[in-house]
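Below is one structure, written out as structure tokens, with a few remarks after it.
Numbering of residues begins at 1 and proceeds along the displayed sequence.
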Amino acid sequence: MEDLRLNVSLLRKRVPNLTSAAKSVGLRPATVSNLCTGKIPIGRAEVRTLAALASLAQCSLDELILKGEAFEMIETKIKTLDLFAPIVKGGTVGLVARPGMGQLVVLSELFLRLKKEGYLSIVLQPEAEGYPGLEDLNEHVDVIVTSIEDALKKISEFGKDREIIFTADRSHVLTGEIFELQEKLQDESIRTVTTFLLDLKGEAVDEELPYGPLETVWNFDADLAARFRFPAVNPISSTSSILEGAYLDQSHLTVKQRAQKLLRRYREVRSLVNVKGIAGIPETEMQTYHRGERLEAYLTQPFYVAEAFTGQKGVDVDLKETIEDVRKIIDGAYDSKEPAELSFLGKL
């Protein structure tokens, strides 16, 4: 079967307010979001849904559905991101978090890591001031701009020779400025622009499709943040277009799915433990609970930008090593280890 995916950039350009537009034609925003990120493969989509999207974008089905085009992944060497929700090079990543969950720390770390790979970071400053952590983020930014016009100018200037990481707040999405910028960049002779959209107010958490179509979604988790399991990116609900089977190495896909299944069940059992205590869960669930604990602990990682605060050196973990380590944890190779022994390490 031919590899198929939605033309997300076309949807983004033609239908800026996709949430309202989807509802107006009887589509669930969550379904549209899952189609955009690849959580629902195109082959499983209803014809009615695809036809409605094509109508909204005023395009043909051939224009809406791209065939045989592979995604390129940006490897961050951050375990949770690379395994569960990889960055699509040239795509758009949406961060969904409330204040205090660590989204600005994750972005700071990405800027630092990707700079070593030759990327240039450009941040469009939000109009409002006083957001905690924003000053720390700016310390790791190469270029700061204050308007969409300035952003276009700088991306066009530097993007001819460098891969660009561009970041903006949701306020610029709501005005439609980001979509206009992305449309204008189509005509520029630049390499690639990978866009990160965040929501400093934390309102995106309450929206089904807070940024319109995305290639990658990182949902931050309040429970992980409260228990200092950083990066607090939810490995179950975060996703990426690369996770469509056609674009993913089979071992990556298999381990990712097994890890999500274990973590999903672990969370269910953990809720029982919180109420009844460890003695209150069935013996048949004990292995799931303990292996889930270990896997959750392993997915924490020391960051370079946090060294001064944690006293721990930042670490890189290659995706191949992450996949192998996670497989071993799921298979029980580290059953003799305590979760604390697997926390905030690199590879095992």
Criterion side chain to side chain contact (heavy atoms under 4.5 Å, CB included) on H252 and L319, from CA distance to verdict: CA-CA 9 Å; H252 184 169; L319 175 59; 3.7 Å; yes
Does [X] reach the main-chain N or O of [Y] with its side chain, forming a donor-acceptor pair under 3.5 Å?
{"X": "S33", "Y": "A30", "result": "no"}
{"X": "W218", "Y": "L81", "result": "no"}
{"X": "T195", "Y": "T92", "result": "no"}
{"X": "R191", "Y": "G159", "result": "no"}
{"X": "T192", "Y": "G90", "result": "no"}
{"X": "S20", "Y": "N17", "result": "no"}
{"X": "K79", "Y": "V317", "result": "no"}

Do [X] and [Y] have side chains that approach each other closer than 4.5 Å (heavy atoms only, starting at C-beta)?
{"X": "E324", "Y": "K320", "answer": "no"}
{"X": "I236", "Y": "R267", "answer": "yes"}
{"X": "V15", "Y": "L18", "answer": "yes"}
{"X": "E207", "Y": "R170", "answer": "yes"}
{"X": "L243", "Y": "L253", "answer": "no"}
{"X": "L104", "Y": "L200", "answer": "yes"}
{"X": "V88", "Y": "M73", "answer": "no"}
{"X": "L299", "Y": "L263", "answer": "yes"}

Worked check of side chain to side chain contact (heavy atoms under 4.5 Å, CB included) between E208 and R28: CA-CA 9 Å; E208 282 191 280; R28 291 185 64 242; 4.3 Å; yes
Going only through I, L, V, M, F, W and Y residues with side-chain contacts under 4.5 Å, is there a path from [X] to [Y]?
{"X": "V106", "Y": "F228", "value": "no"}
{"X": "F230", "Y": "L345", "value": "no"}
{"X": "V105", "Y": "L114", "value": "yes"}
{"X": "Y119", "Y": "L110", "value": "yes"}
{"X": "F344", "Y": "I329", "value": "no"}

Shared-cluster residues of L224, by chain and number - hydrophobic side chains joined below 4.5 Å: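 Members other than L224 - counting any ILVMFWY side chain reachable under 4.5 Å - there are none.
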Other cluster members, L197 - Ile/Leu/Val/Met/Phe/Trp/Tyr, side-chain contacts below 4.5 Å: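 V96, L120, I122, L124, V143, V145, I148, L152, I155, F158, I164, F166, V173, I178, F179, L181, L185, I190, V193, V205, Y211, L214, V217, which link up through side-chain heavy atoms under 4.5 Å apart, make up the rest of the cluster.
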For the student: nearest non-hydrogen atoms of [X] and [Y], plus distance:
{"X": "Q312", "Y": "P302", "answer": "CB-CB, 4.2 Å"}
{"X": "R113", "Y": "K77", "answer": "NH1-O, 3.3 Å"}
{"X": "L61", "Y": "A54", "answer": "CD2-CB, 4.1 Å"}
{"X": "L209", "Y": "P29", "answer": "CD1-O, 4.0 Å"}
{"X": "Q125", "Y": "H172", "answer": "O-NE2, 3.5 Å"}
{"X": "G202", "Y": "P99", "answer": "CA-CD, 4.0 Å"}

Spacing of [X] atom [atom1] and [Y] atom [atom2] [to the nearest 0.5 Å]:
{"X": "M101", "Y": "N234", "atom1": "CE", "atom2": "CG", "value": "10.0 Å"}
{"X": "S238", "Y": "D221", "atom1": "OG", "atom2": "CG", "value": "8.5 Å"}
{"X": "R14", "Y": "L64", "atom1": "CZ", "atom2": "CG", "value": "10.0 Å"}
{"X": "L137", "Y": "E135", "atom1": "CG", "atom2": "CD", "value": "11.0 Å"}
{"X": "R294", "Y": "Y266", "atom1": "CZ", "atom2": "OH", "value": "10.5 Å"}
{"X": "E63", "Y": "N7", "atom1": "CD", "atom2": "CG", "value": "8.5 Å"}

Residue pairs passing the salt bridge (Lys or Arg N to Asp or Glu O under 4.0 Å) test where at least one lies in residues 223-240, sequence neighbours excluded: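 Pairs touching residues 223-240 that pass the test: D223-R227, D223-R270, R227-E296, R229-E296.
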Pairs touching residues 80-96 that satisfy salt bridge (Lys or Arg N to Asp or Glu O under 4.0 Å), sequence neighbours left out: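 Non-adjacent pairs meeting salt bridge (Lys or Arg N to Asp or Glu O under 4.0 Å): E72-K89, K89-E163.
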Residue K116 excluded, over 12 heavy atoms near NZ under 6.0 Å: yes
Exceeds 12 heavy-atom contacts within 6.0 angstrom, atom NZ of K347: no
Residue among T167, T216, V123 satisfying side-chain contact (heavy atoms from CB on, under 4.5 Å) with F196: T167
R265 bridged to E285 by N-O distance under 4.0 Å: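 The answer is yes: the pair qualifies as a salt bridge.
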Evaluation steps, side chain to side chain contact (heavy atoms under 4.5 Å, CB included), between T254 and S251: CA-CA 5 Å; T254 301; S251 62; 5.8 Å; no
Listed once per pair and sorted, the side-chain hydrogen bond (donor to acceptor under 3.5 Å, both in side chains) pairs that draw on residues 44-55, sequence neighbours left out: none
Pairwise ring pair (Phe, Tyr, Trp, His ring centres under 6.0 Å) hits with a residue in residues 290-315, at least two apart: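 The answer is none; no pair qualifies.
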Verdict with supporting geometry, D169 and S171, side chain to side chain donor-acceptor pair (under 3.5 Å): CA-CA 5 Å; D169 180 66; S171 59; 2.9 Å; yes
Stepwise side chain to side chain contact (heavy atoms under 4.5 Å, CB included) test for F220 and R98: CA-CA 8 Å; F220 285 69; R98 295 203 188 279; over 6 Å; no
Side-chain donor-acceptor contact under 3.5 Å, D199 with Q103: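 Q103 and D199 do not have a side-chain donor-acceptor pair below 3.5 Å.
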Candidate pair K154 and D150, rule salt bridge (charged side-chain N to carboxylate O under 4.0 Å, His left out), full reasoning: CA-CA 6 Å; K154 293 297 182 183; D150 200 15; 5.1 Å; no
